[in-house]
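As the structure is a computational prediction, the values presented were derived from the model and not from experiment. Indexing begins at 1, ligand by ligand and atom by atom, following the structure's order.
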Amino acid sequence: MPNKLLSKIPAINKILLLDRIKELINSYSEVAVKSAIKSYIENIKNKILNEELYEVPSLEKIVDEVEKIVEKEDENSLRRVINATGTILHTNLGRSLLSQKIKGNIESIAFNYSNLEFDIDNKKRGSRYVHLIDIIKKITGAEDVLVVNNNAAAVLLTLNTLVKDKEIVVSRGELVEIGGAFRIPEIIKLSGGIPIEVGTTNKTHLKDYENSINENTGALLKVHTSNYKILGFTKEVSNEEIAYLARENELVSINDLGSGQLVDFSKYGLPYEPTVKEVLDSGIDIVTFSGDKLLGGPQAGIIVGKKEYIDKMKKNQLTRALRVDKMTLAALEATLKLYLDEKVALEHIPTLHMISLSKERLFGKADVLKTKLSDLDFMITIEEDKAEVGGGSYPASSLESVVVKLEHKNLSSTEIERRLLEVEIPIITRIKDNSIILDMRTLRTREFDLVKNSLEKITK
Ligand SMILES: *Cc1c(COP(=O)(O)O)cnc(C)c1O
């Protein structure tokens, strides 16, 4: 008798008069509470009509459920999570974490007026792009710098400004696709350039570039193969050779470094890659890289190199469409300043810190966590494993890591994994050998208590 049941559902106006509902409205808002009541009532109606429910819930039960909905809906959609996966630059989890050291700089700019586009010395209009020039000169030796929204935008702006309607020569081995929809040939076309592919997938020689040059050529472009590696019988042309050939022919040489690191990570077990400074020193005119990959700063696309080219970019209308926000500039300037002392950068920029953690320190962290979790219902072991830099850097290389492995007496690891995603601060883990893996490279010591509390809660 669904119809009869339907008539027993209390009216929304009646529910709104309940004391607990009034309290909820005080703590949240009338709009939120009304919407929760409506959605819950709708839900009951459907269940009754589908014959999944044979009795109207009590008022008390209705209020309980409405309260749950209101609380759930009040959570922000974009939320903090804990990354225990071992992938440091995890694209889905927000790539780089900012350094705690730069909090003050961001706060001061975000919550106050600033000289963003005001030249205080000369009392006139200034440019938002001047703020990074001194610091970037110190770190990379670049003549000038321009920062845009992300590195994809940096490549687009560079090509559109310098080589629109011209041929852009790029090696077949470097026609990269990076996550989502960023493909080098497409970006070249979007910028108005004409992609000219030279060489083969595995080998490109200097003469391949040389032979492609004609009166319509505008630039020689190198692209970092961020997310793959061609192994075996390979040959690529060095930055020096590209830069020299471009200069001889009055072309622009460009290197899209992608990650673009400011320090050499080869001492931390990663293969050698040239730093931004080294690429500029090799004679390349323009280098582009991301702010939130290996640099460890905010999302941004950084363009460094010859002033005459960067001046042209500043005049391009696209710059306005791709421009960065003041908070990004504040975060980037403050992050770059930490690089003035490499030791400070390695200790205080989370991405660098995680990459450079020694195995002893990782074992130390694992011991602390194991002790902390020892009264829970888990079998805990510590073992060595592999972590990744991620974010399209160091493809095919991994970092040695140390993990804490958890096995529960009654619950399967997939069940634990699922429950850990439902706690207040979701914990992203890996499963290996039917165990939950907590990787010490990305799980931070300050998160250990949160992990313990959540594990306790989900197994109670
Ligand atoms: C990551 C990457 C990009 C895109 O950078 P975003 O900052 O994600 O826009 C472009 N080129 C290369 C080689 C990359 O690795």
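Side-chain contact check for Thr234 and Asn202: no donor-acceptor pair (N or O, by modelled atom type) lies under 3.5 Å.
Residue-to-ligand polar distances place Asn151 within reach of ligand 1: an N/O pair is separated by less than 3.5 Å. On a distance-only criterion, Arg95 and ligand 1 share at least one N/O pair closer than 3.5 Å. Between Gly258 and ligand 1, no pair of N/O atoms sits closer than 3.5 Å. Remark: ligand 1 and Asp256 share an N or O pair separated by less than 3.5 Å (distance only, no angle test).
The protein atom (non-hydrogen) at minimum distance from atom 1 (C) of ligand 1 is Lys293 NZ, 1.4 Å. Here the protein heavy atom with the shortest distance to atom 13 (C) of ligand 1 is Ser226 OG, 3.2 Å. Nearest protein heavy-atom neighbour of atom 12 (C) of ligand 1: Ile178 CD1, 3.1 Å.
Near His224, meaning under 4.0 Å from any of its heavy atoms, are these atoms of ligand 1: 13 (C). Of all atoms in ligand 1, numbered sequentially from 1 with element shown, those under 4.0 Å from a heavy atom of Phe182 are 10 (C), 11 (N). Listed by number with element, the atoms of ligand 1 under 4.0 Å from a non-hydrogen atom of Ser290 are 5 (O), 6 (P), 7 (O).
Sorted by first and then second residue, the pairs that involve residues 113-135 and meet salt bridge (charged side-chain N to carboxylate O under 4.0 Å, His left out), not counting sequence neighbours, are Glu117-Arg125, Glu117-Arg128, Glu117-Arg323. Every pair passing salt bridge (charged side-chain N to carboxylate O under 4.0 Å, His left out) that includes a residue from residues 387-404 is listed here, sequence neighbours excluded: Lys359-Glu400.
Checking side-chain atoms of Thr217 against main-chain N and O of Asn214 turns up a donor-acceptor pair under 3.5 Å. Within the 3.5 Å criterion, the main-chain N or O of Ile431 finds no donor-acceptor partner in the side chain of Ser413. Here the side chain of Ser29 pairs a donor or acceptor atom with the backbone of Ala32 at under 3.5 angstrom.
Heavy-atom distances between Glu174 and ligand 1 stay at or above 4.0 Å for every pair. Heavy-atom separations between Gln299 and ligand 1 are all 4.0 Å or longer.
A salt bridge is absent between Arg79 and Glu424; no separation between the charged side-chain nitrogens and carboxylate oxygens falls under 4.0 Å. With respect to Lys315 and Asp311, no salt bridge is recorded, no charged nitrogen being found less than 4.0 Å from a carboxylate O.
In this structure, Met313 and Thr158 have side chains that are in contact, with non-hydrogen atoms separated by less than 4.5 Å.
The heavy atom nearest to atom 9 (O) of ligand 1, considering only Ala300, Ala154, Gly291, Ala152, is found in Ala152.
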